Amino acid sequence: MPIAKKITNMLIEQIIKEKIAQAVNQLYGQEFDPQNVQVQNTRKDVEGDMTVVVFPFLRISKKSPELTANELGQYLQEQVDEVSSYSVIKGFLNVTISTSYWINQLAEAFTDVDYGFTKATEESALFMVEYSSPNTNKPLHLGHIRNNLLGFSLGELLKANGKRVVKTNIVNDRGIHICKSMYAWKQWGEGKTPESTGIKGDHLVGDFYVLFDKHYKKEIEELVATGVSKEEAEQTAPSIVAARELLRKWEAKDTETIELWSMMNQWVYAGFDVTYKELGVDFDQIYYESETYLVGKDEVLRGLNEGIFTQREDQSVWADLTPEGLDQKLLLRSDGTSVYMTQDIGTAKLRFNDYEIDKMVYVVGNEQDYHFKVLSILLDKLGFSWGKGLHHFSYGMVELPHGKMKSREGTVVDADDLMAEMVEVARKTSEELGKLDGYTEEEALETYKTIALGALKYFILKVDPKKNMMFNPEESIDFNGNTGPFIQYTYARIRSVIRKAEEKGIIPAINFDKAMAISEKENELIKTISLYPSIVQEAAESYSPAVIANYVYNLVKEYNQFYHDHSILNEDDEDVRKLRLVLSTTVAKIIKSGMGLMGISVPERM
RNA sequence: GCCUCGGUAGCUCAGUUGGAUAGAGCAACUGCCUUCUAAGCAGUAGGUCAUGGGUUCGAAUCCCGUCCGGGGUACCA
């Protein structure tokens with residue numbers, strides 16, 4: 001289990017910890033583990049850079065907080081070159097780090113092309129990240145968007161932390177839900193295709209899914225009206241009987257059924273490909289449930305033979321998880337067909353055959369917490385050593401003002417529609433502001449998309465993945481304040497400055513006097529820049545792109561204050577001008593890098 | 001019922017190895033563009049951190065109870 005770390009500049013923090021421990025030893029004659037020294041970033045409204053909490057030392061020093069802090073501060077200032085001064089407020093030791101240290105930090109951040117990132121090697125741990133995992137009976141909606149963005153971003157975060165990553169997708173391409181669409185198409189489809197109707201394939205298939213439900217509900221009503229019980233009507237309505245028959249035929253590999261299934265799935269895949277491309281997500285390896293569920297079934301039967309599972313009189317197969325404090329879990333129905341869990345067991349087995357996976361991560365909503373708890377135990381029982389170590393990246397649901405999204409009730413926010421709407425809003429805003437005058441229509445459209453997707457992705461990723469989030473379509477499309485476009489805008493402004501510098505023949509470089517004095521704002525900015533590596537680490541360890549989002553927002557806010565208060569190219573002092581250009585360039589680099597970790601691109605102009 | 005996650009400003013969200021006076025954005029109101037992009041900057045106002053106890057030098061944060069809400073507990077996926 002990763003342990004959350006306090007985010008500070010790791011280098012200077014470590015130095016202070018060790019020196020404080022040493023000071024405690026020398027001054028008060030007691031050993032103290034440097035790692036237990038509490039060091040944090042100094043509050044904004046207090047002078048200083050790093051703060052040492054001295055309360056834990058009072059038992060050892062047997063002196064007042066003020067006196068103890070002063071003695072330790074004195075020691076630090078004498079022993080550590082980087083410490084230029086200190087102050088004591090309410091028993092907190094605030095240490096000021098020398099400007100030259102910060103300028104060196106900036107130089108390092110500026111020079112390192114992969115600042116904050118760790119490169120993967122052949123020996124690096126292999127993470128397989130499963131995300132997206134759609135059903136093929138309907139188009140993607142807002143809930144899928146959160147899943148896809150989190151999955152993709154998590155992959156990027158892991159790569160940035162030196163892991164090897166295989167992004168994977170398990171496509172739920174078989175089952176009764178597909179058969180419902182298939183039946184509806186056969187019955188009422190009149191041979192419609194995406195080509196003949198001009199409707200995107202996944203939407204067309206989704207329309208038939210809705211159509212099925214309409215007929216099914218009507219049939220139930222009619223049956224109930226004739227005196228049949230609701231339960232019985234649900235089981236005997238002609239539509240559902242026909243859909244089940246299709247499923248049976250499919251499992252029996254009936255040629256005509258398989259062909260229909262295959263054709264409609266192809267429509268859906270073509271549609272998904274477009275959505276994935278627009279969203280900017282991709283996969284290294286795709287698995288299909290139709291190819292894994294039988295493997296799962298075999299595993300369950302093996303488990304039954306080995307006495308791990310039990311069979312009831314009606315032939316259904318069960319796992320008894322009461323020793324683990326859970327319930328009985330069904331693994332195979334009485335008719336021998338497989339359930340969700342069966343398929344996941346098969347998919348897991350195939351994956352571990354295909355790759356030397358060190359860590360399997362499932363990006364799946366928190367409604368399935370129980371499912372993955374059980375899956376982990378079942379895999380372990382089946383003898384897979386990796387079963388226990390799987391990680392369910394459990395994220396919260398996306399809620400709408402009106403409540404939960406339900407496909408069949410038409411209360412979903414469709415992924416394609418949402419993206420298209422946001423592009424239109426971006427277009428309108430840009431045109432009103434006249435920011436892209438001089439761009440060709442093609443260049444402009446590219447920028448609208450960048451901004452629209454930036455707004456959407458940032459809106460979703462800035463929220464702690466574990467929490468449910470509210471999406472109000474009316475209000476959530478905002479380009480001001482804590483938003484993706486605000487960050488992109490800051491990037492575009494910096495790029496504009498850099499272009500102007502280049503026109504003047506000025507190239508950002510570390511060619512200034514490092515002993516110069518810098519402003520408070522500049523110092524703040526450099527401190528924030530120096531946090532980036534520990535942020536990247538923290539985000540991966542806590543599986544949270546939101547950590548990156550919040551950091552980048554904070555960085556950008558600080559940069560905008562700096563930008564407002566300071567001239568860059570118009571600054572008279574040459575050294576200061578150079579420093580500010582390097583500072584700006586470095587901020588731009590981190591914005592691009594951090595946004596990239598969230599799958600968000602940044603525009604040159606906006 | 002049981003399991004599980006959550007409750008921070010009108011709204012959407014930050015805020016943990018327990019640390020100083022709980023922060024942003026939106027919405028409202030007020031200023032700032034002849035100077036590197038105003039999708040910006042600055043300010044005003046807005047809080048019993050659901051609630052009651054406990055732990056301690058110190059609690060939004062840890063523990064227990066209560067209230068409210070989400071999810072799960074299917075021969076659906």
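Quantities reported herein were computed from a predicted structural model and do not represent experimental measurements. So you know, we letter chains A, B, ... as the sequences are listed, proteins then strands, and number each from 1.
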Should A:F55 be counted as stacked on B:G19, where stacking needs a ring-centre gap under 5.5 Å and an angle between planes under 30 degrees? yes
Which one is paired to B:A14, where only Watson-Crick or G-U wobble pairs with both distances under 3.5 angstrom count? none
Taking a pair to mean Watson-Crick or G-U wobble geometry with both distances below 3.5 Å, B:U55 pairs with none
A:Y489 ring over B:G40 six-membered base ring, under 5.5 Å and 30°: no
Between A:M341 and A:A492, which has a closest nucleotide on RNA chain B that is more 5'? A:A492
How would you label the contact of A:D335 with the nucleic acid (heavy atoms, under 4.0 Å): base, sugar-phosphate, or nothing? nothing
Is B:C49 in the syn range, within 90° of 0, or in the anti range? anti
Can you tell me if the side-chain N/O atoms of A:K557 get under 4.0 Å from OP1 or OP2 in B:C41? no
B:C3 OP1/OP2 closer than 4.0 Å to side-chain N/O of A:K373: no
Using a cut-off of 4.0 Å on non-hydrogen atoms, how would the nucleic acid contact of A:Q368 be classed: base, sugar-phosphate, or nothing? base
Side-chain N or O of A:R333 closer than 4.0 Å to phosphate OP1/OP2 of B:C76: yes
For the side chain of A:N480, counting heavy atoms from C-beta on, which of B:C26, B:U21, B:U35 is nearest? B:C26
Regarding B:A39, can its base be found pairing with the side chain of A:T483 as donor and acceptor, where the two atoms are less than 3.5 Å apart? no
What's the closest nucleotide to the A:V46 side chain, out of B:G7, B:C36, B:A20? B:A20
B:G40 -> Watson-Crick or G-U wobble partner, both distances under 3.5 Å, gives B:C32
To the nearest Å, how far apart are A:L433 CG and B:C33 P? 19 Å
What contact category does A:Q38 fall into here, base, sugar-phosphate, or nothing, at under 4.0 angstrom with non-hydrogen atoms? base
Contact under 4.0 Å: A:R493 side-chain N or O vs B:C41 OP1/OP2: no
Watson-Crick/G-U partner (both atom distances under 3.5 Å) of B:U66: B:A50
Spacing between A:F372 atom CZ and B:G71 atom P, to the nearest angstrom: 19 Å
Residue pair A:D49 / A:T42, side-chain donor-acceptor N/O under 3.5 Å: no
Of all the nucleotides listed (B:G7, B:A77, B:G25), which has the minimum atom distance to the side chain of A:Y553? B:G25
Give one of base, sugar-phosphate or nothing for A:T51, where a contact means two heavy atoms less than 4.0 Å apart. base
